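Report on the following structure.
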Amino acid sequence: AGEGGAGGGGGDEAACDTRVSVLDVSRNRLKMEEMGMLTVLFNNGSEQHIVLRSQLLRPMVVAAPSVHSFGSVFTEDFVETTIHVANPTAVEARWVLKHIVWPKPKPRVTVDMSSLGITDDEGLTSLAAAASPGSKPEEVPVDDPSVFTFSSHGGSLPGPTNPLDVAHVAALRQEHGGRPPPLPLSVTFQPKSNVLYRCRFRFVVQRGQGFEVVLSGRGSYREELANG
């Protein structure tokens with residue numbers, strides 16, 4: 001955008017100098033905007049002022065559901081679900097899917113029982129029962145991304161897409177003049193053994209903001225869980 005200032009040079013007058021000044025800078029996680037002024041100085045002493053404005057936009061993606069459990073699945077079988085990926089920004093989002101290693105659980109605190117004067121098995125049992133009555137060892141999920149298969153691991157998503165809460169509304173499809181629909185990703189869970197699986201995946205957006213989803217499911221040897 002430009003604004004003319006006092007005494008804009010005309011005729012055969014030539015500009016002898018220019019000057020740029022920054023008036024304001026505002027930014028958030030997805031946009032940075034700068035306002036400035038270009039001043040043109042002419043030989044006759046007159047000036048012309050041109051307002052400058054620039055915007056730097058960053059893309060992002062969001063997905064739903066962000067957390068999904070496949071439940072219990074027979075180890076010789078598989079189940080599928082669909083995750084919808086949307087781009088709420090006006091910038092094309094180039095994304096790749098990456099597995100994020102789950103942090104290992106912190107080691108339990110060990111206590112030197114002999115320093116407490118407890119040396120016999122009966123004393124150890126009594127102490128453990130008093131510290132955690134009725135408790136069972138906590139199951140640690142297996143972080144194995146190979147049991148989860150995605151229909152795509154990367155691509156480009158123009159924006160803005162329809163919001164995720166209207167992904168199923170056919171009337172808002174692109175061919176009807178609306179925004180493009182969110183991207184459907186098929187996810188398959190095929191367990192290898194009878195353990196609990198849990199993995200975290202991140203949609204990494206080039207020069208933008210990504211999004212994470214958490215998938216879980218339990219493998220089982222119970223044949224009655226088999227599909228058909």
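Values below: every heavy atom of this structure, side chains too, minus hydrogens, waters and symmetry copies. It should be emphasised that the depicted structure is a prediction, and the values quoted were computed from it without experimental measurement.
Under the 3.5 Å distance criterion, the side-chain polar atoms of Thr75 are left unmatched by any main-chain donor or acceptor of Tyr221. Side chain of Tyr197 to backbone of Lys192: a donor-acceptor contact under 3.5 angstrom is found.
Counting non-hydrogen atoms of neighbouring residues, nucleotides and ligands closer than 6.0 angstrom, the CZ atom of Arg200 exceeds 12 such neighbours. Atom CD of Glu212 has more than 12 heavy atoms from other residues, nucleotides or ligands within 6.0 Å.
Checked by atom type, the side-chain pair Glu92/Ser156 shows a donor-acceptor distance below 3.5 Å.
Nearest heavy atom pair, residue Gln209 against residue Arg58, reads N-NH2, 4.1 Å. Of all heavy-atom pairs spanning Pro59 and Val205, the tightest one is CG-CG1, 3.7 Å. For the residue pair Ala64 and Leu164, the shortest heavy atom distance occurs at CB-CD1, 3.7 Å. Nearest approach of Pro180 to Pro160, heavy atoms of both residues: CD-O, 3.5 Å. Across all their heavy atoms, Ala93 and Met60 have their closest contact at CB-O, 4.2 Å.
Distance check: Glu47 CD to Thr39 OG1 gives 6.0 Å after rounding to the nearest 0.5 Å. Going from atom CD1 of Ile83 over to atom CZ of Phe150 covers 5.0 Å, rounded to the nearest 0.5 Å. The CD1 atom of Ile50 lies 5.0 Å from the CG atom of Leu38; values are rounded to the nearest 0.5 Å.
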side-chain contact (heavy atoms from CB on, under 4.5 Å) between His68 and Leu215, intermediate numbers included: CA-CA 5 Å; His68 179 75; Leu215 304 177; 4.0 Å; yes
Worked verdict on Glu223 versus Phe74 for side-chain contact (heavy atoms from CB on, under 4.5 Å): CA-CA 6 Å; Glu223 294 186 2; Phe74 183 47; 3.7 Å; yes
Trace of the side-chain contact (heavy atoms from CB on, under 4.5 Å) decision for Met37 with Val51: CA-CA 5 Å; Met37 180 76 72; Val51 177; 4.2 Å; yes
Check against side-chain contact (heavy atoms from CB on, under 4.5 Å), Val214 and Arg198: CA-CA 7 Å; Val214 176; Arg198 183 182 62 185; 4.0 Å; yes
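The shortest side-chain heavy-atom distance between Arg218 and Pro191 does not fall under the 4.5 Å cut-off. The closest side-chain heavy-atom distance from Val213 to Pro65 is not below 4.5 Å. Leu157 has its side chain out of reach of Phe203: every pair of non-hydrogen atoms, C-beta onward, lies at least 4.5 Å apart. Annotation: side chain of Pro158 is not in contact with side chain of Asn87 (no heavy-atom distance under 4.5 Å). Between Asp143 and Cys199 there is a side-chain heavy-atom pair separated by less than 4.5 Å. Put simply, the side chain of Ser216 reaches to within 4.5 Å of the side chain of Ser69, judged on heavy atoms. Looking only at side-chain heavy atoms (C-beta outward), Val147 and Gln190 stay at 4.5 Å or farther from each other. Looking at Ser151 and Glu80, their side chains never come closer than 4.5 Å, going by heavy atoms from C-beta outward.
Ring geometry, Phe70 versus Phe148: the interplanar angle falls from 30° to 60°, so the pair is classed tilted.
Under the 4.5 Å side-chain heavy-atom criterion for ILVMFWY residues, a single connected hydrophobic cluster contains both Val79 and Val195. Linking Ile, Leu, Val, Met, Phe, Trp and Tyr residues whenever their side-chain heavy atoms come within less than 4.5 Å leaves Phe211 and Val204 in two separate clusters. Each of Leu196 and Phe78 belongs to its own hydrophobic cluster when Ile, Leu, Val, Met, Phe, Trp and Tyr are linked at side-chain heavy-atom distances under 4.5 angstrom.
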